[in-house]
Amino acid sequence: MSRKMIRSSLLCAMIITFAASAHAASAQSGKREFVGTIGASKIRMKLVNTPDEFLGSYLYERVGEDIRLAGAVSGDHTFYLNEFDVNGKATAKFEGRFVTDDWIEGTWSSATTGKKELLFSAWVLDGKGIPAADPNDQFSGEYRRVDQGRFDKDTATLSVWLLKDGRIRVSGDSTWIGNAKTGNVNVGGTDGMAGAQGGKWLFKSGDGEDDCRFTMRFSAGGLTVTDDNARCGGLNVSFDGTYRKTNPPKPRKRA
């Protein structure tokens, strides 16, 4: 082989090695693009999660100007992101958690307008653990428990999202009212994933002694919950019952 051919082969090998290294570095950086909403406003976010920091920027689609973000992710998958103006002054804060590896959710609070707080939700453009956005999706929606055709006085509400990976996310609240006048009222809330098994969906949230479990079966315009394990809230709180679909799903605001 001539020296010219050897040099050409070495150059090609170096280019291939460099391209592979660049791709690996990009993948390891964890840089991803999210789309979502703050309140009713559409946003786009670019975020990178390093071992020590959670960094990036976001913009309102109607404005189009990047706003710098910096924060951190905790071991329990919760995070915060401080928002800064062009002068480096903190103007707002995101606080939330990873619903899945591809979906973040929480609250945005302003530091300049009387602590105004709005719900936000955003997901990775090409993610799998995100809402399916299928027009023929028979599962997604907000469901409210009914008793003999009327909404139950012991209110229970479940929001359901079908995900692209085939799972269902379920988030909701339930209340048991013994005597409202004396304050004998217990509440519970849950948020987790359900998987399909033989025509039914098995829901689970939490681990060990504090796990919340129940079974869901869907019907036209509704669902039925059974087998609540009595670990989804206070005494007598249960998600068991029949539910009617009322609205699109919406995040549950956490205390």
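- More than 12 heavy atoms of other residues, nucleotides or ligands shown are found within 6.0 angstrom of NZ on Lys204.
- The 12-atom threshold is exceeded at CG of Asn179, counting heavy atoms of other residues, nucleotides or ligands nearer than 6.0 Å.
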Candidate pair Tyr143 and Thr157, rule side chain to side chain contact (heavy atoms under 4.5 Å, CB included), full reasoning: CA-CA 6 Å; Tyr143 296 79; Thr157 303; over 6 Å; no
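- Classification of Lys93 and Glu83 as a salt-bridged pair fails, no side-chain N sitting under 4.0 Å from a carboxylate O.
- The aromatic ring centres of Tyr80 and Phe94 sit 6.0 Å or more apart.
- Put simply, OG1 on Thr37 and OH on Tyr60 are 10.5 Å apart, with the number rounded to the nearest 0.5 Å.
- The distance between the ring centers of Phe139 and Trp201 falls below 6.0 angstrom.
- Annotation: cation-pi geometry not satisfied between Arg97 and Trp103 (NZ/CZ under 6.0 angstrom from ring centroid, within 45° of ring axis).
- Interatomic distance, CD1 of Ile43 versus OG of Ser41, reported as 9.0 Å (0.5 Å rounding).
- Arg145 has its side chain out of reach of Thr242: every pair of non-hydrogen atoms, C-beta onward, lies at least 4.5 Å apart.
- Leu125 and Ile130 make their closest contact through O-CD1, 4.3 Å (heavy atoms, listed as atom of the first residue, atom of the second, distance).
- In this structure, Phe214 and Phe203 have parallel ring planes: the angle between them is below the 30° cut-off, well short of the 60° mark.
- Residues Val73 and Phe98 form a side-chain contact, since some pair of their non-hydrogen atoms from C-beta on lies under 4.5 Å apart.
- In this structure, Trp161 and Asp137 have side chains that are not in contact, with every pair of non-hydrogen atoms separated by 4.5 Å or more.
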Stepwise side chain to side chain contact (heavy atoms under 4.5 Å, CB included) test for Arg144 and Leu158: CA-CA 7 Å; Arg144 187 173 171 186; Leu158 293 170; over 6 Å; no
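- Within the 3.5 Å criterion, the main-chain N or O of Lys89 finds no donor-acceptor partner in the side chain of Asn87.
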Side chain to side chain contact (heavy atoms under 4.5 Å, CB included) assessment of Ile38 paired with Tyr58: CA-CA 11 Å; Ile38 298 176; Tyr58 85 103; 3.8 Å; yes
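- One finds no salt bridge joining Arg244 and Glu142 here, because no Lys/Arg side-chain nitrogen approaches an Asp/Glu carboxylate oxygen to under 4.0 Å.
- When all heavy atoms of Ser174 and Ser238 are compared, the pair lying nearest together is OG-O, 2.8 Å.
- Residues Asp210 and Arg231 are not paired through a salt bridge, judged by the lack of any N-O separation under 4.0 Å between the basic side chain and the carboxylate.
- Residue Met45 comes nearest to Leu69 through the heavy atom pair CE-CD1, 3.8 Å, listed as atom of the first residue, atom of the second, then distance.
- For the residue pair Ala111 and Ala90, the shortest heavy atom distance occurs at CB-O, 4.1 Å.
- Formation of a donor-acceptor pair under 3.5 Å by the Asn229 side chain with backbone atoms of Asp211 is found in this model.
- At distances below 3.5 Å, at least one donor-acceptor pair connects side-chain atoms of Lys245 with backbone N or O atoms of Ser140.
- Of all heavy-atom pairs between Ala132 and Lys164, the closest is CA-CG, 3.8 Å.
- Cluster annotation: Leu162 and Trp123 are assigned to distinct hydrophobic clusters (Ile/Leu/Val/Met/Phe/Trp/Tyr, side-chain heavy-atom contacts under 4.5 Å, transitive).
- Put simply, the side chain of Lys42 does not reach to within 4.5 Å of the side chain of Val35, judged on heavy atoms.
- Thr50 places a side-chain N or O within donor-acceptor distance of the main-chain N or O of Glu53, the cut-off being under 3.5 Å.
- Contact of the Leu223 side chain with the Val225 side chain is registered, since non-hydrogen atoms from C-beta on lie closer than 4.5 Å.
- How far CG of Asn236 is from OG1 of Thr175: 12.5 Å, rounded to the nearest 0.5 Å.
- The pair Asp191-Arg169 meets the salt-bridge criterion, since a charged nitrogen lies less than 4.0 angstrom from a carboxylate oxygen.
- Rounding to the nearest 0.5 Å gives a distance of 6.5 Å between OG of Ser57 and NZ of Lys46.
- In terms of modelled atom types and a separation under 3.5 Å, the side chain of Asp228 and the main chain of Phe239 share a donor-acceptor contact.
- One N or O on the side chain of Asp85 and one on the backbone of Gly88 form a donor-acceptor pair closer than 3.5 Å.
- Residues Phe120 and Val63 fall within the same hydrophobic cluster, defined by Ile, Leu, Val, Met, Phe, Trp and Tyr side chains chained together at heavy-atom separations under 4.5 Å.
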Stepwise side chain to side chain contact (heavy atoms under 4.5 Å, CB included) test for Asp227 and Leu202: CA-CA 10 Å; Asp227 305 322; Leu202 304 182; over 6 Å; no
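- Listed for the Asp147 side chain is no donor-acceptor partner under 3.5 Å among the backbone atoms of Arg150.
- Residues Thr100 and Leu163 are in side-chain contact: their nearest non-hydrogen atoms beyond the backbone lie under 4.5 Å apart.
- Residues Arg32 and Asp102 are paired through a salt bridge, judged by an N-O separation under 4.0 Å between the basic side chain and the carboxylate.
- Side-chain atoms of Ser159 never come within 3.5 Å of backbone atoms of Pro249 as a donor-acceptor pair (strictly under, hydrogens ignored).
- Leu119 places none of its side-chain heavy atoms less than 4.5 Å from the side chain of Trp108.
- Between Tyr243 and Thr224 the shortest side-chain heavy-atom distance does not fall below 4.5 Å.
- The two residues Ala70 and Leu55 come nearest to each other via the heavy atoms CB-CD2, 3.7 Å.
- Put simply, Phe34 and Ile67 are part of the same group of oily side chains (I, L, V, M, F, W, Y) that touch within less than 4.5 Å, one to the next.
- Counted within 6.0 Å of NZ on Lys153, heavy atoms from surrounding residues, nucleotides or ligands total more than 12; the atom is thus considered enclosed.
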